[in-house]
Each structure stands twice: as structure tokens, then as C-alpha cells.
Amino acid sequence: MTDNAEHARLPEERLAKLEQLRAAGVDPYPARFARTDLAAEVTPTFDTAPGRPVRVAGRVVGGIRRMGRATFLHLLDGSGQIQAYFKQDVLGEQAYGLLDAIEAGDFLGVVGNTIRTRTGEVTVQAVEYAVLAKSLRPLPEKWHGLQDVETRLRRRYLDLIANPEVADVFRLRSRIIHEVRTFLVERGFLEVETPVLQAVPGGGAARPFETYYNALDRTLYLRIALELYLKRCIIGGIERVFELGRNFRNEGLSLKHNPEFTMLEAYQAYADYRDIMALTEELVATVAERALGSPRITLGEEEVDLSPPWPRVPLRDAILQGSSVDYEACPDAESLARAAAEAGLRTQPGWSRGKLIDELLSTFVEPKIREPVFFVDYPVELSPLAKRRPDRPDVVERFEAFCGGMEIANAFSELNDPLEQRARFLEQVRLKGAGDEEAQPFDAEFLEALEHGMPPTGGMGMGIDRLAMLLTGQRRIRDVILFPQLRSIE
RNA sequence: GGGGGCGUAGCUCAACGGCAGAGCAAGGGCCUUUUAAGCCCGUGGUUCAGGGUUCGAAUCCCUGCGCCCUCACCA
């Protein structure tokens with residue numbers, strides 16, 4: 001639906017019910033109701049204490065079964081549903097009669113005793129009830145639920161009410177993030193918060209959102225990564241540090257991309273990328289175990305085991321196997337572009353060697369990955385912030401973790417040689433000048449910090465939305481983000 | 001941005017060149033253990049918006065808006 005005027009109109013029948021309540025002296029929006037019981041807890045406690053008094057509250061969902069002088073309905077609260085049963089001879093004619101003004105969507109508080117109905121459902125038989133909030137708009141249809149994707153996303157609250165499995169996904173997402181945080185804190189990591197508004201949007205390769213700060217009369221950018229500030233923390237002596245926060249990238253929407261997304265970055269002094277690999281696989285398996293009860297997850301038809309250790313595969317071997325292209329046999333962009341084109345990659349003129357390698361990876365390798373795997377030995381030109389392997393200066397101490405057809409983590413032994421970092425930044429600046437829009441900016445303040453000395457450090461970034469997709473079995477990133485980006489309504 | 005599909009009642013969907021419909025929701029009536037309650041009766045429409053073709057358009061054509069799929073882009 002795109003017609004705002006249509007939605008602005010309130011159903012007159014609902015307004016009439018509201019007036020009916022007010023005319024009877026009922027406040028349709030009272031400030032409080034003393035709830036003592038959650039819907040989901042009423043049924044399991046019935047057998048040990050049948051007939052006990054309870055006070056439940058929630059939204060009226062589903063159909064109201066009005067049968068003359070008896071009425072049944074279900075209340076939905078944050079824990080689940082419970083049936084309530086109203087009889088005229090218990091409530092009295094006036095209170096019972098006011099149920100006429102109650103509709104699906106309204107919030108009710110019910111005071112009563114638990115009973116088991118003829119069909120076996122534990123139910124609260126009302127002694128009294130209170131209107132807690134009158135709803136002025138109808139809920140989506142109860143049987144088919146809410147199907148229209150646009151409505152589900154634009155008015156997610158209706159989706160949450162109509163489709164209980166959606167609420168389950170977000171409960172699980174919360175649990176996953178909690179377990180990630182717990183895992184890191186248990187291992188001595190300190191959680192910090194670093195600036196979202198940055199003068200130099202570094203730490204990754206992406207186009208930033210730009211904004212303007214009036215008081216200082218300067219352009220600022222929303223961060224695209226957490227990296228450079230967390231390294232400042234390491235330099236400052238916080239030896240294990242992490243941040244769970246939102247990054248912003250001014251790029252396209254896809255099944256796996258939203259312009260704002262949640263990132264975990266964790267840095268550990270005196271660790272290298274091998275230590276971080278062990279940390280990463282243990283983190284994912286532990287979070288799955290604690291949030292789902294098992295390190296085994298379901299991906300479509302398949303079951304995938306996240307338990308460590310995950311295989312370590314050189315990137316060159318993975319691409320060779322996936323595409324028959326051996327990029328180490330192609331030392332320059334021209335020869336690699338030819339080989340990639342022969343393998344079926346649709347190349348574009350001007351792509352760098354690094355770009356070609358990345359395209360080979362994402363086209364021929366990434367989509368086929370099911371079980372978790374680490375790719376290692378990344379070419380230095382793809383990794384301006386990573387340390388070189390001492391025995392092989394053409395590759396860096398870096399890995400990316402893949403699972404279920406997605407990249408879920410990226411990590412390296414952090415480059416802590418300030419002079420080399422300066423040279424790498426200058427190379428990025430050169431690439432930017434040559435038209436590479438993803439090349440990273442020169443960050444003089446970060447370099448100055450690095451010049452004060454950073455201990456050997458391993459660092460890792462993990463896409464939390466993608467981790468949530470993996471562990472909740474969702475195919476689309478927007479299904480694990482409550483309010484994903486959509487085009488605006490006129 | 002390219003290609004394809006879709007947009008009809010509050011919701012889920014029909015009608016596909018010839019009177020815009022059903023189920024649910026909402027309204028009225030009956031019903032004191034229902035749970036997709038049931039039975040009876042009514043109500044509800046700028047067919048996304050604008051233009052065109054036609055005797056006649058929800059239907060065909062064009063433009064715009066939005067959503068979905070897909071490709072591109074996005075490590």
C-alpha cells in the first residue's frame with residue numbers, strides 16, 4: 001500500500017467503541033494494571049496449582065468467540081498466549097455487556113482463576129477485567145497472517161504480532177549477540193564505544209555516508225569500520241578490546257547487504273592471526289552451542305557442524321579448485337584478467353590484480369561454501385592494514401572465514417610497522433587517484449598513533465547480521481534486521 | 001542502473017476487454033466450554049497514480065511510484 005491518506009483515516013466503528021467505553025465511565029487508556037503472571041507460565045503451572053488466582057495482560061489476538069452470555073478470546077503478551085473466558089453470570093450484566101466494545105487488537109488485563117476447559121486448554125476464567133489500551137486500527141487477518149512483504153517490513157510491528165516465528169528470530173538474534181559479548185568478556189576483552197562520526201572514514205574499503213557538523217563547520221563521515229579507533233585502544237594499553245556497533249556503507253542493498261549493519265571487531269595484543277583463527281572458530285561454535293543448544297545448524301536441507309577446528313585453505317588453492325585459475329602464476333593484472341576471462345569471469349578493463357582475485361573468490365568459490373572454512377594467504381594488495389608473512393612478502397597474515405555461502409569474518413595480524421603503514425596508505429592514495437573508489441584514505445592521526453608503537457596484535461571483524469542469518473536460518477539479511485532500509489514513501 | 005514479475009475491500013486472494021467478487025476482519029441478530037466457533041442479515045472499492053487505445057479497461061498500451069526476483073554494483 002502506498003496511499004498515505006488511506007492509512008490516515010481511522011475506522012469510525014473503532015472510534016465509536018472508544019466512545020462507548022468512555023460513556024460507560026471506563027478509561028480506555030489507564031496508566032497501569034498490576035500484572036502478576038505471564039501468559040506462557042499459566043499453563044505449565046496448572047497441574048501443581050489448579051484454580052489459582054492470576055492476573056494476566058496482553059493484546060487480544062485471533063477471533064473473539066462470542067456465544068451469547070459466554071465469550072472466549074486469546075491474549076498475547078511478550079511470553080506467548082493464554083485463553084481467557086468470560087461468563088455473564090460471573091462478571092455481571094454491565095461488565096459483560098462492555099465486552100461488546102472489545103475488539104481484536106485491544107489490550108486487556110484479566111483477573112481470574114485458572115481452569116481447564118472441556119477441550120483441555122488451560123484458561124483464565126475472568127472474575128474481572130480491565131481495558132488497558134483501545135486499538136483504533138484492525139489487525140491483519142488472523143488465519144493467513146500478514147503476507148505482503150512491503151507491509152511486513154514497513155510496519156514490522158504488525159509482522160511481529162501476526163507472524164510469531166518472526167518474533168522468534170529477533171529473540172534469537174538478541175541471544176546470539178548476548179552470547180558473543182559474554183564469550184569475549186569471559187576471555188578478558190573490554191567492550192568500548194568509539195566514534196560513529198569520523199573525519200577520516202578508514203579501516204575498510206567502502207563508500208561512506210557524508211554529513212555536516214555545523215558547530216565545527218566541517219564535513220564528517222559515518223564510520224565504515226571500527227578498526228582504526230580500536231587499534232588506538234591497543235596502543236593505549238587496552239590489550240584485549242572489542243566493539244559491537246553499527247557500520248554504515250553507502251552502497252547497494254542485497255540479500256546480504258544493508259547500508260547500516262552490525263559489526264563485531266575484536267583486537268588482542270600479543271596474538272597473531274593464527275590465535276585469532278582459533279578464537280573465531282571457538283566463538284562461533286560456542287555462541288551456536290549456547291544460543292541454539294548445539295554447534296550443528298541447518299542450512300536449507302543440509303546440516304552443518306560449526307565445531308572447531310575449521311579447515312585452513314590457502315586462498316590460491318580455493319580459487320584454483322573453484323575456477324581453475326592459478327593467480328600465483330599470473331604476476332600482473334593483464335595476465336590474470338586473461339586467465340579469469342577464460343574461466344568465465346566477466347571482467348572489466350582497469351580491474352586491479354587484487355580486484356580480479358576478489359571477483360574470482362566471490363564468483364566461483366564463495367557461493368558453493370557450506371561448511372565453515374578459513375581461507376589464508378591473501379595477496380598483500382588486497383590488505384593494506386595487514387602484516388606480511390615473513391617468509392612470503394607477497395602475502396599477508398590474513399584469513400577470511402566463510403560459511404553457508406557468505407563471508408562471516410575477516411582478520412589479520414595487524415600491521416604495526418608505521419613506516420610500512422605509511423607506504424601502504426600512500427599506495428592506496430595512488431590507487432584512489434587512479435580511479436579506485438574503494439581505495440582507503442590516508443589517515444595521518446592514526447599513523448601518528450601507530451608511530452608511538454603498537455604491540456604485535458591480532459584483530460578480527462565479524463558481520464553480526466550474517467552470523468544471525470546463519471544461526472537463525474534466514475536467507476535474507478532484512479529478515480534479521482527489524483527495520484531494514486527501504487525506499488522512502490512519497 | 002539493466003531484465004522479468006507484481007500492485008484489486010482493513011487482511012488473504014479471485015475476476016484477465018463486457019454488471020468488481022469470495023473468505024476472514026469490522027457492523028446487526030441468535031447462542032453460557034469456544035478456539036479458522038457456528039447459523040442468519042447487511043456493510044465495505046479513486047482496482048497504486050496519471051495519460052492513452054476502445055462502444056466499453058481492474059484487464060491492452062505509455063509514463064511515474066512502490067514491492068519482489070534476477071543481473072550489475074557492493075571484498
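Each chain gets a letter, A, B and so on, in the order the sequences are listed, and its residues count up from 1. All heavy atoms count here, side chains included; hydrogens, waters and symmetry mates do not.
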* Asked: Do you know which two heavy atoms are closest between A:Ile161 and A:Leu76, and how far apart they sit?
  ->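 Here A:Ile161 and A:Leu76 meet closest at O-CD2, 4.3 Å.
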
* Taking all non-hydrogen atoms of both residues, which atom of A:Arg353 and which atom of A:Ala333 are closest, and how far apart? ->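 Nearest pair, atom of A:Arg353 first, then A:Ala333: N-CB, 3.8 Å.
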
When you compare [N] with [M], how far apart are their [atom1] atoms, in angstrom units rounded to a whole number?
N: B:rA15; M: B:rC19; atom1: C1'; result: 12 Å
N: B:rG42; M: B:rG21; atom1: P; result: 15 Å
N: B:rA20; M: B:rG45; atom1: P; result: 14 Å
N: B:rC13; M: B:rC68; atom1: P; result: 15 Å
N: B:rC16; M: B:rU12; atom1: P; result: 22 Å
N: B:rU59; M: B:rU8; atom1: P; result: 13 Å
N: B:rC55; M: B:rG66; atom1: C1'; result: 34 Å
N: B:rA58; M: B:rU47; atom1: P; result: 7 Å

To the nearest Å, how far apart are [X] [atom1] and [N] [atom2]?
X: A:Glu103; N: B:rG10; atom1: CD; atom2: C1'; value: 12 Å
X: A:Arg152; N: B:rU12; atom1: CZ; atom2: C1'; value: 14 Å
X: A:Lys87; N: B:rC31; atom1: NZ; atom2: P; value: 16 Å
X: A:Leu15; N: B:rG27; atom1: CG; atom2: P; value: 13 Å
X: A:Arg116; N: B:rU34; atom1: CZ; atom2: C1'; value: 16 Å
X: A:Leu18; N: B:rG27; atom1: CG; atom2: P; value: 14 Å
X: A:Ile82; N: B:rU33; atom1: CD1; atom2: C1'; value: 15 Å

Base-pairing assignment for [N] (Watson-Crick or G-U wobble, both under 3.5 Å):
N: B:rU12; result: B:rA22
N: B:rA75; result: none
N: B:rC67; result: B:rG5

* Backbone N or O of A:Ala101 within a donor-acceptor pair of the A:Lys134 side chain at under 3.5 Å? ->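 Answer holds: yes.
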
Dump the pairs, protein N or O against N or O of nucleotides 21-25 of chain B, anything under 3.5 Å, distances to one decimal.
{"residue": "B:rA25", "atom": "OP1", "partner": "A:Lys142", "partner atom": "NZ", "Å": "3.2"}

Is the shortest heavy-atom distance from the side chain of [X] to the side chain of [Y] under 4.5 Å?
X: A:Arg388; Y: A:Val380; value: yes
X: A:Glu41; Y: A:Ile82; value: no
X: A:Phe72; Y: A:Met67; value: yes

* Asked: Is A:Arg69 near enough to B:rU32 that one of its side-chain N or O atoms lies under 4.0 angstrom from OP1 or OP2?
  ->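 Indeed, a polar side-chain atom of A:Arg69 lies that close.
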
* To do: Look at the aromatic rings of A:Phe375 and A:Phe402 and report parallel, tilted or perpendicular, splitting at 30° and 60°.
  =>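 Rings of A:Phe375 and A:Phe402: tilted, as their planes differ by 30° to 60°.
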
* To do: Spell out yes or no: do the side chain of A:Glu121 and the base of B:rU34 have one donor N/O and one acceptor N/O closer than 3.5 Å?
  =>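 Flag unset: no donor-acceptor pair detected.
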
* **Check: A:Arg118 side chain, B:rU33 base, donor-acceptor under 3.5 Å** =>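 Under the 3.5 Å cut-off, the side chain and the base do not form any donor-acceptor pair.
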
Does the pair [X]/[Y] count as a salt bridge with the N-to-O cut at 4.0 Å?
X: A:Asp89; Y: A:Arg69; value: no
X: A:Glu342; Y: A:Arg338; value: no
X: A:Arg116; Y: A:Asp47; value: yes
X: A:Arg156; Y: A:Asp159; value: yes
X: A:Glu103; Y: A:Lys17; value: no

* For nucleotides 38-44 of chain B, read 5' to 3', which letter fits each nucleotide if B means a protein heavy atom sits under 4.0 Å from the base, S means only the sugar-phosphate is that close, and - means neither? -> -------

* How does each nucleotide of nucleotides 68-75 of chain B score, in 5' to 3' order, for protein heavy atoms under 4.0 Å: base (B), sugar-phosphate only (S), or none (-)? -> SS-SSSBB

* Measure from the side chain of A:Lys17, starting at C-beta and using heavy atoms only, and say which of B:rU32, B:rG27, B:rC11 lies closest. =>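 Nearest nucleotide to the side chain: B:rG27.
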
* **Closest listed nucleotide, where the reference is the side chain of A:Asp89 and the choices are B:rU34, B:rG28, B:rU32** =>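 Nearest listed nucleotide: B:rU32.
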
* To do: Report, as yes or no, whether the 6.0 Å neighbourhood of atom CD on A:Gln321 holds more than 12 heavy atoms from other residues, nucleotides or ligands.
  =>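 For A:Gln321, atom CD is not crowded (no more than 12 foreign heavy atoms under 6.0 Å).
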
Could you list all N or O pairs between the protein and nucleotides 3-6 of chain B that sit under 3.5 Å apart?
none

* Any ring pair (Phe, Tyr, Trp, His ring centres under 6.0 Å) involving residues 313-339 of chain A? Give me the pairs, sequence neighbours left out, ordered by first then second residue. =>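 Checked against ring pair (Phe, Tyr, Trp, His ring centres under 6.0 Å) - neighbours excluded - no pair reaches residues 313-339 of chain A.
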
* Identify, between A:Gly62 and A:Gln88, the residue whose nearest nucleotide on RNA chain B lies closer to the 5' end. =>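 Closest to the 5' end, via its nearest nucleotide, is A:Gln88.
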
* Which residues satisfy the side chain to side chain contact (heavy atoms under 4.5 Å, CB included) test with A:Ala386, sequence neighbours excluded? ->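 Listed in chain order: A:Ser383, A:Val396, A:Phe412.
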
* Asked: Under 4.0 angstrom, heavy atoms only, what part of the nucleic acid is A:Leu73 near: base, sugar-phosphate, or nothing?
  ->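 Nothing: the residue A:Leu73, judged by heavy atoms under 4.0 Å, touches no strand.
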
* **Any side-chain donor near an acceptor of the partner, A:Tyr267 and A:Glu265, under 3.5 Å** =>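 Yes, because at least one side-chain N or O of A:Tyr267 sits under 3.5 Å from a partner of the opposite role on A:Glu265.
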
